[in-house]
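I have placed the structure first, in the form of C-alpha coordinates, so that the comments after it can refer back to it.
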Amino acid sequence: MSAIYRTEAGGNEVRRRYAEILSGWPVPAEHLRLPTREGETFVVASGAPGSPPLLLLHGSGTNAAMWMSDVPAWAEHFRVHAVDLIGEPGLSEPRRPPLSSEACALWLDDVLGALGITRTAVVGASLGGWLALDYATRRPDRVERLVAMCPGGLGRQKVGWVPKAIMLRPFGEWGLRKTLQTVAGFDFTAIQTASGLDASRTQEFLDYMVLTHRHFRPRTERLPLFSDDALRHLTMPTLVIVGERDAMLDSHETAQRVTRTIPHAIATVLPGVAHSITGQTQPILDFLLS
(Lines give C-alpha, C1' and ligand atoms only; values in the text may rest on other atoms or scores of the structure.)
Protein backbone atom coordinates (compact mmCIF):
# COMPACT_ATOMS: atom_id res chain seq x y z
CA MET A 1 0.00 0.00 0.00
CA SER A 2 2.87 2.40 0.78
CA ALA A 3 3.94 2.30 -2.91
CA ILE A 4 1.28 4.88 -3.76
CA TYR A 5 2.06 6.98 -0.67
CA ARG A 6 5.24 8.72 0.41
CA THR A 7 5.11 6.92 3.76
CA GLU A 8 3.04 4.14 5.30
CA ALA A 9 1.99 6.48 8.11
CA GLY A 10 0.78 9.04 5.58
CA GLY A 11 -1.26 6.40 3.79
CA ASN A 12 -2.84 5.32 7.06
CA GLU A 13 -3.81 8.92 7.84
CA VAL A 14 -5.36 9.41 4.39
CA ARG A 15 -7.43 6.23 4.77
CA ARG A 16 -8.48 7.16 8.32
CA ARG A 17 -9.74 10.56 7.20
CA TYR A 18 -11.48 9.01 4.20
CA ALA A 19 -13.40 6.66 6.51
CA GLU A 20 -14.58 9.68 8.49
CA ILE A 21 -15.80 11.39 5.33
CA LEU A 22 -17.60 8.26 4.17
CA SER A 23 -19.49 8.21 7.48
CA GLY A 24 -21.08 11.49 6.37
CA TRP A 25 -22.25 10.21 2.97
CA PRO A 26 -25.34 12.34 2.20
CA VAL A 27 -27.76 9.46 1.39
CA PRO A 28 -28.12 5.88 2.64
CA ALA A 29 -25.35 3.76 1.13
CA GLU A 30 -23.76 0.33 1.13
CA HIS A 31 -20.01 -0.24 1.20
CA LEU A 32 -19.10 -3.08 -1.15
CA ARG A 33 -15.75 -4.86 -1.46
CA LEU A 34 -15.61 -6.65 -4.78
CA PRO A 35 -13.11 -9.33 -5.86
CA THR A 36 -11.38 -8.56 -9.18
CA ARG A 37 -8.30 -9.80 -11.04
CA GLU A 38 -6.49 -6.66 -9.79
CA GLY A 39 -7.48 -7.28 -6.18
CA GLU A 40 -10.26 -5.97 -3.97
CA THR A 41 -12.21 -2.98 -5.28
CA PHE A 42 -14.22 -0.71 -2.97
CA VAL A 43 -17.57 0.70 -4.13
CA VAL A 44 -20.10 3.00 -2.45
CA ALA A 45 -23.60 2.05 -3.65
CA SER A 46 -26.54 4.44 -3.26
CA GLY A 47 -30.10 4.54 -4.57
CA ALA A 48 -32.79 1.90 -4.94
CA PRO A 49 -31.35 -1.52 -5.93
CA GLY A 50 -33.93 -1.88 -8.71
CA SER A 51 -33.10 1.44 -10.38
CA PRO A 52 -31.04 1.66 -13.59
CA PRO A 53 -27.30 1.39 -12.85
CA LEU A 54 -24.88 4.33 -12.97
CA LEU A 55 -21.13 3.83 -12.60
CA LEU A 56 -18.97 6.73 -11.32
CA LEU A 57 -15.21 6.87 -11.96
CA HIS A 58 -13.33 9.64 -10.10
CA GLY A 59 -10.15 11.45 -11.07
CA SER A 60 -6.57 10.86 -9.97
CA GLY A 61 -5.58 11.88 -6.46
CA THR A 62 -9.08 11.46 -5.06
CA ASN A 63 -11.72 8.78 -4.50
CA ALA A 64 -15.48 8.24 -4.35
CA ALA A 65 -15.83 11.22 -1.99
CA MET A 66 -15.58 13.57 -5.00
CA TRP A 67 -19.16 12.59 -5.93
CA MET A 68 -20.78 13.41 -2.57
CA SER A 69 -22.52 16.56 -3.84
CA ASP A 70 -23.84 14.78 -6.96
CA VAL A 71 -25.09 11.53 -5.47
CA PRO A 72 -28.26 12.83 -3.73
CA ALA A 73 -29.79 13.97 -7.03
CA TRP A 74 -28.54 11.04 -9.11
CA ALA A 75 -29.54 8.40 -6.55
CA GLU A 76 -33.18 9.46 -6.88
CA HIS A 77 -33.17 7.96 -10.38
CA PHE A 78 -30.29 5.45 -10.46
CA ARG A 79 -28.56 2.76 -8.47
CA VAL A 80 -25.29 4.69 -8.20
CA HIS A 81 -22.00 2.83 -7.86
CA ALA A 82 -19.14 5.18 -6.92
CA VAL A 83 -15.97 3.15 -7.52
CA ASP A 84 -12.63 3.74 -5.81
CA LEU A 85 -10.16 3.37 -8.68
CA ILE A 86 -7.31 0.94 -8.18
CA GLY A 87 -3.97 2.66 -7.65
CA GLU A 88 -5.59 5.81 -6.22
CA PRO A 89 -6.03 7.07 -2.63
CA GLY A 90 -9.22 5.20 -1.82
CA LEU A 91 -9.87 1.77 -0.33
CA SER A 92 -9.23 -0.32 -3.45
CA GLU A 93 -6.00 -2.17 -4.24
CA PRO A 94 -2.98 0.09 -4.94
CA ARG A 95 -2.11 -1.74 -8.17
CA ARG A 96 -1.62 0.32 -11.35
CA PRO A 97 -1.81 -1.83 -14.48
CA PRO A 98 -0.44 -0.14 -17.62
CA LEU A 99 -2.95 2.21 -19.22
CA SER A 100 -1.66 1.24 -22.65
CA SER A 101 -3.11 -2.27 -22.24
CA GLU A 102 -6.59 -3.81 -21.90
CA ALA A 103 -5.99 -4.38 -18.19
CA CYS A 104 -8.22 -1.54 -16.95
CA ALA A 105 -11.11 -2.67 -19.15
CA LEU A 106 -10.73 -6.22 -17.86
CA TRP A 107 -10.76 -4.86 -14.30
CA LEU A 108 -13.99 -2.98 -14.99
CA ASP A 109 -15.43 -6.17 -16.52
CA ASP A 110 -14.82 -7.79 -13.13
CA VAL A 111 -16.35 -4.84 -11.25
CA LEU A 112 -19.52 -4.94 -13.33
CA GLY A 113 -19.65 -8.72 -13.11
CA ALA A 114 -19.42 -8.62 -9.32
CA LEU A 115 -22.22 -6.03 -9.27
CA GLY A 116 -24.38 -8.16 -11.59
CA ILE A 117 -24.50 -5.41 -14.24
CA THR A 118 -24.48 -6.15 -17.96
CA ARG A 119 -25.06 -2.60 -19.21
CA THR A 120 -24.73 0.76 -17.41
CA ALA A 121 -24.48 4.51 -17.78
CA VAL A 122 -21.00 5.76 -16.89
CA VAL A 123 -19.78 9.14 -15.60
CA GLY A 124 -16.04 9.76 -15.29
CA ALA A 125 -13.84 12.75 -14.45
CA SER A 126 -10.23 13.39 -15.54
CA LEU A 127 -8.46 10.02 -15.19
CA GLY A 128 -11.89 8.51 -14.60
CA GLY A 129 -13.05 10.17 -17.81
CA TRP A 130 -10.18 8.52 -19.65
CA LEU A 131 -11.09 5.15 -18.11
CA ALA A 132 -14.74 5.64 -19.08
CA LEU A 133 -13.76 6.42 -22.68
CA ASP A 134 -11.32 3.51 -22.79
CA TYR A 135 -13.95 1.09 -21.53
CA ALA A 136 -16.64 2.40 -23.86
CA THR A 137 -14.38 2.12 -26.94
CA ARG A 138 -13.57 -1.50 -26.01
CA ARG A 139 -17.03 -2.50 -24.69
CA PRO A 140 -19.56 -0.24 -26.46
CA ASP A 141 -22.33 -2.79 -25.92
CA ARG A 142 -21.97 -2.45 -22.14
CA VAL A 143 -22.26 1.37 -21.91
CA GLU A 144 -25.75 2.86 -22.09
CA ARG A 145 -24.75 6.52 -21.89
CA LEU A 146 -21.37 8.13 -21.36
CA VAL A 147 -20.36 11.34 -19.59
CA ALA A 148 -16.72 12.44 -19.44
CA MET A 149 -15.67 15.58 -17.55
CA CYS A 150 -12.23 17.02 -18.36
CA PRO A 151 -11.15 13.63 -19.75
CA GLY A 152 -7.65 12.77 -20.84
CA GLY A 153 -6.97 10.99 -24.11
CA LEU A 154 -8.70 13.41 -26.46
CA GLY A 155 -6.74 16.66 -26.42
CA ARG A 156 -3.08 17.43 -25.89
CA GLN A 157 -1.81 16.86 -22.34
CA LYS A 158 -0.13 20.07 -21.14
CA VAL A 159 3.03 20.23 -19.04
CA GLY A 160 3.34 23.97 -18.40
CA TRP A 161 1.78 23.52 -14.95
CA VAL A 162 4.63 21.29 -13.72
CA PRO A 163 7.16 24.11 -13.00
CA LYS A 164 4.47 25.99 -11.07
CA ALA A 165 3.77 22.95 -8.90
CA ILE A 166 7.48 22.42 -8.25
CA MET A 167 7.95 26.06 -7.24
CA LEU A 168 5.07 25.83 -4.77
CA ARG A 169 6.19 22.54 -3.20
CA PRO A 170 8.51 24.05 -0.54
CA PHE A 171 5.69 26.16 0.92
CA GLY A 172 3.97 23.35 2.81
CA GLU A 173 0.21 23.31 3.20
CA TRP A 174 -0.13 26.82 1.75
CA GLY A 175 1.76 25.64 -1.33
CA LEU A 176 -0.48 22.59 -1.69
CA ARG A 177 -3.62 24.71 -1.52
CA LYS A 178 -2.16 27.18 -3.98
CA THR A 179 -1.27 24.31 -6.34
CA LEU A 180 -4.83 22.99 -6.21
CA GLN A 181 -6.13 26.47 -6.91
CA THR A 182 -3.74 27.58 -9.65
CA VAL A 183 -2.95 24.31 -11.41
CA ALA A 184 -6.13 22.24 -11.10
CA GLY A 185 -8.41 25.26 -10.72
CA PHE A 186 -9.68 23.84 -7.44
CA ASP A 187 -11.87 26.76 -6.32
CA PHE A 188 -12.80 26.22 -2.66
CA THR A 189 -15.56 28.85 -2.65
CA ALA A 190 -17.12 27.59 -5.88
CA ILE A 191 -17.13 24.01 -4.62
CA GLN A 192 -19.06 24.95 -1.50
CA THR A 193 -21.55 26.98 -3.54
CA ALA A 194 -22.07 24.21 -6.08
CA SER A 195 -22.14 21.34 -3.60
CA GLY A 196 -24.95 22.53 -1.37
CA LEU A 197 -23.13 20.94 1.56
CA ASP A 198 -22.79 22.86 4.81
CA ALA A 199 -19.62 24.85 5.36
CA SER A 200 -18.11 22.45 7.91
CA ARG A 201 -18.64 19.42 5.66
CA THR A 202 -17.18 21.22 2.65
CA GLN A 203 -14.17 22.39 4.64
CA GLU A 204 -13.66 18.83 5.91
CA PHE A 205 -13.46 17.54 2.34
CA LEU A 206 -11.14 20.34 1.19
CA ASP A 207 -8.80 19.75 4.13
CA TYR A 208 -8.83 16.08 3.21
CA MET A 209 -7.80 16.89 -0.37
CA VAL A 210 -4.81 18.84 0.94
CA LEU A 211 -3.90 15.95 3.26
CA THR A 212 -4.12 13.48 0.38
CA HIS A 213 -1.89 15.50 -1.92
CA ARG A 214 0.66 15.85 0.89
CA HIS A 215 1.09 12.06 1.15
CA PHE A 216 -0.01 10.58 -2.20
CA ARG A 217 2.32 9.72 -5.09
CA PRO A 218 0.40 10.55 -8.30
CA ARG A 219 0.79 8.63 -11.54
CA THR A 220 3.56 9.87 -13.78
CA GLU A 221 2.66 8.14 -17.06
CA ARG A 222 0.93 10.15 -19.77
CA LEU A 223 -2.61 9.16 -20.60
CA PRO A 224 -2.65 7.43 -24.01
CA LEU A 225 -4.45 9.33 -26.79
CA PHE A 226 -7.41 7.60 -28.40
CA SER A 227 -7.30 7.16 -32.15
CA ASP A 228 -10.08 8.53 -34.32
CA ASP A 229 -11.04 4.95 -35.21
CA ALA A 230 -11.40 4.05 -31.52
CA LEU A 231 -13.57 7.11 -30.84
CA ARG A 232 -15.89 6.18 -33.69
CA HIS A 233 -16.80 3.07 -31.67
CA LEU A 234 -18.58 5.36 -29.19
CA THR A 235 -22.04 4.90 -30.67
CA MET A 236 -23.85 5.54 -27.39
CA PRO A 237 -25.10 9.06 -26.48
CA THR A 238 -22.02 10.86 -25.15
CA LEU A 239 -21.55 14.11 -23.24
CA VAL A 240 -18.09 15.61 -22.81
CA ILE A 241 -17.68 18.62 -20.49
CA VAL A 242 -14.42 20.58 -20.35
CA GLY A 243 -13.21 23.80 -18.79
CA GLU A 244 -12.01 26.59 -21.04
CA ARG A 245 -9.05 27.35 -18.74
CA ASP A 246 -7.89 23.78 -18.11
CA ALA A 247 -4.13 23.99 -17.39
CA MET A 248 -3.63 20.23 -17.70
CA LEU A 249 -5.43 19.37 -20.95
CA ASP A 250 -6.15 21.17 -24.22
CA SER A 251 -9.91 21.60 -23.86
CA HIS A 252 -10.51 23.18 -27.24
CA GLU A 253 -8.74 20.32 -29.01
CA THR A 254 -10.77 17.91 -26.91
CA ALA A 255 -14.05 19.53 -27.94
CA GLN A 256 -13.04 19.59 -31.60
CA ARG A 257 -12.16 15.89 -31.62
CA VAL A 258 -15.40 14.98 -29.86
CA THR A 259 -17.46 16.88 -32.42
CA ARG A 260 -15.50 15.46 -35.35
CA THR A 261 -15.21 11.80 -34.38
CA ILE A 262 -17.91 10.66 -31.92
CA PRO A 263 -21.21 10.01 -33.72
CA HIS A 264 -23.76 11.00 -31.05
CA ALA A 265 -21.80 13.40 -28.86
CA ILE A 266 -22.31 16.77 -27.23
CA ALA A 267 -19.22 18.80 -26.31
CA THR A 268 -19.66 21.54 -23.71
CA VAL A 269 -16.87 24.05 -23.03
CA LEU A 270 -17.45 25.91 -19.74
CA PRO A 271 -16.13 29.49 -19.97
CA GLY A 272 -13.73 30.57 -17.24
CA VAL A 273 -13.55 27.05 -15.75
CA ALA A 274 -10.29 25.15 -15.20
CA HIS A 275 -9.63 21.42 -14.75
CA SER A 276 -11.75 21.04 -11.61
CA ILE A 277 -15.38 21.14 -12.77
CA THR A 278 -18.26 21.72 -10.34
CA GLY A 279 -21.94 22.61 -10.62
CA GLN A 280 -22.80 20.04 -13.32
CA THR A 281 -25.06 17.78 -11.25
CA GLN A 282 -28.29 18.83 -12.96
CA PRO A 283 -26.97 19.10 -16.56
CA ILE A 284 -25.51 15.61 -16.26
CA LEU A 285 -28.72 14.26 -14.74
CA ASP A 286 -30.75 15.84 -17.55
CA PHE A 287 -28.49 14.14 -20.11
CA LEU A 288 -28.67 10.76 -18.37
CA LEU A 289 -32.46 10.93 -18.30
CA SER A 290 -32.95 12.26 -21.83
Side-chain angles (χ1 to χ4, degrees), residues 1-22 33 36-43 56-67 82-101 103-104 107-108 111 124-132 134 150-153 157-186 204-224 246-249 274-276:
M1 183 67 74
S2 61
I4 66 171
Y5 295 103
R6 303 185 191 282
T7 65
E8 186 66 33
N12 289 337
E13 179 63 11
V14 170
R15 291 189 292 275
R16 184 190 68 78
R17 291 285 295 276
Y18 182 34
E20 293 176 352
I21 290 172
L22 286 174
R33 297 182 183 274
T36 77
R37 71 193 67 202
E38 299 294 344
E40 189 173 80
T41 297
F42 180 77
V43 176
L56 306 183
L57 304 174
H58 61 77
S60 180
T62 182
N63 47 46
M66 75 159 285
W67 304 110
V83 180
D84 273 357
L85 302 186
I86 52 175
E88 296 298 323
L91 298 179
S92 294
E93 287 292 323
R95 297 180 63 178
R96 290 175 174 171
L99 299 178
S100 57
S101 72
C104 291
W107 165 67
L108 284 174
V111 171
S126 194
L127 172 63
W130 184 92
L131 289 170
D134 178 69
C150 55
Q157 195 166 336
K158 300 178 181 179
V159 296
W161 61 272
V162 175
K164 298 177 183 178
I166 293 174
M167 290 175 62
L168 289 168
R169 189 178 297 166
F171 294 95
E173 182 168 321
W174 180 89
L176 283 172
R177 288 179 176 270
K178 197 67 175 176
T179 298
L180 290 171
Q181 289 174 321
T182 62
V183 178
F186 203 80
E204 177 186 29
F205 175 69
L206 297 177
D207 289 344
Y208 171 69
M209 289 298 297
V210 172
L211 172 72
T212 299
H213 283 266
R214 183 187 307 136
H215 297 293
F216 178 65
R217 295 183 185 274
R219 295 171 183 261
T220 56
E221 63 184 308
R222 281 179 171 268
L223 297 177
D246 195 322
M248 305 178 76
L249 300 165
H275 188 70
S276 177

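Because the structure is predicted, anything quoted here is derived from the model rather than measured.
Checked by atom type, the side-chain pair Thr7/His215 shows no donor-acceptor distance below 3.5 Å.
Interatomic distance, OG of Ser276 versus CE of Met248, reported as 10.5 Å (0.5 Å rounding). To the nearest 0.5 Å, atom CG of residue Leu22 and atom CZ of residue Arg15 are 13.5 Å apart. Atom CG of Asp246 is separated from atom OG of Ser126 by 8.0 Å, given to the nearest 0.5 angstrom.
Note on Glu13 versus Arg6: no salt bridge recorded, every NZ/NE/NH1/NH2 to OD/OE distance being 4.0 Å or above.
Of the possible polar contacts, none joining the Arg33 side chain to the Phe42 backbone as a donor-acceptor pair under 3.5 Å is found. His58 contributes no side-chain N or O that, together with a main-chain N or O of Gly128, makes up a donor-acceptor pair within less than 3.5 Å. Distance alone, capped at 3.5 Å, places no donor-acceptor pair between the Thr62 side chain and the Gly59 backbone. Side chain of Glu40 to backbone of Glu93: no donor-acceptor contact under 3.5 angstrom is found. With Ser92 contributing its side chain and Asp84 its backbone, the two residues share a donor-acceptor pair below 3.5 Å.
Annotation for Ser60 and Phe216: closest pair OG-CE2, 4.4 Å, computed over non-hydrogen atoms. When all heavy atoms of Arg219 and Gly87 are compared, the pair lying nearest together is NH2-CA, 4.3 Å. The two residues Arg217 and Ala3 have their closest heavy-atom pair at CD-O, 3.5 Å. Of all heavy-atom pairs between His213 and Gly61, the closest is NE2-O, 3.8 Å. Shortest non-hydrogen contact noted between Cys104 and Pro97 is SG-CG, 4.2 Å. Of all heavy-atom pairs spanning Gln157 and Leu223, the tightest one is OE1-N, 3.1 Å.
Side-chain atoms of Pro151 and Trp130, non-hydrogen and from C-beta on, never get closer than 4.5 Å to each other. In this structure, Leu249 and His275 have side chains that are in contact, with non-hydrogen atoms separated by less than 4.5 Å. Residues Tyr5 and Pro89 form a side-chain contact, since some pair of their non-hydrogen atoms from C-beta on lies under 4.5 Å apart. Side-chain atoms of Leu91 and Thr41, non-hydrogen and from C-beta on, never get closer than 4.5 Å to each other. The shortest distance between side-chain heavy atoms of Thr212 and Arg17 does not fall below 4.5 Å.
Qualifying ring-ring contact (aromatic ring centres under 6.0 Å, His included) partners for Trp107, counting only residues two or more places apart in sequence or in other chains: none.
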**Prompt:** Hey, mind stepping through Arg95 and Glu88 against salt bridge (charged side-chain N to carboxylate O under 4.0 Å, His left out) and telling me if it holds?
**Reply:** CA-CA 9 Å; Arg95 297 180 63 178; Glu88 296 298 323; over 6 Å; no
**Asked** Could you go step by step and tell me if Leu56 and Val83 meet the side-chain contact (heavy atoms from CB on, under 4.5 Å) rule?
**Response** CA-CA 6 Å; Leu56 306 183; Val83 180; over 6 Å; no
**Message:** Please determine whether side-chain contact (heavy atoms from CB on, under 4.5 Å) holds for the pair Leu99 and Arg222, giving the CA-CA distance in whole Å, both sets of side-chain angles, and the decisive distance to 0.1 Å.
**Reply:** CA-CA 9 Å; Leu99 299 178; Arg222 281 179 171 268; over 6 Å; no
**Request:** Kindly determine whether Thr36 and Leu108 satisfy side-chain contact (heavy atoms from CB on, under 4.5 Å), including the steps that lead there.
**Result:** CA-CA 8 Å; Thr36 77; Leu108 284 174; over 6 Å; no
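Between Tyr208 and Tyr18, the two ring planes are parallel [angle under 30°; tilted spans 30° to 60°].
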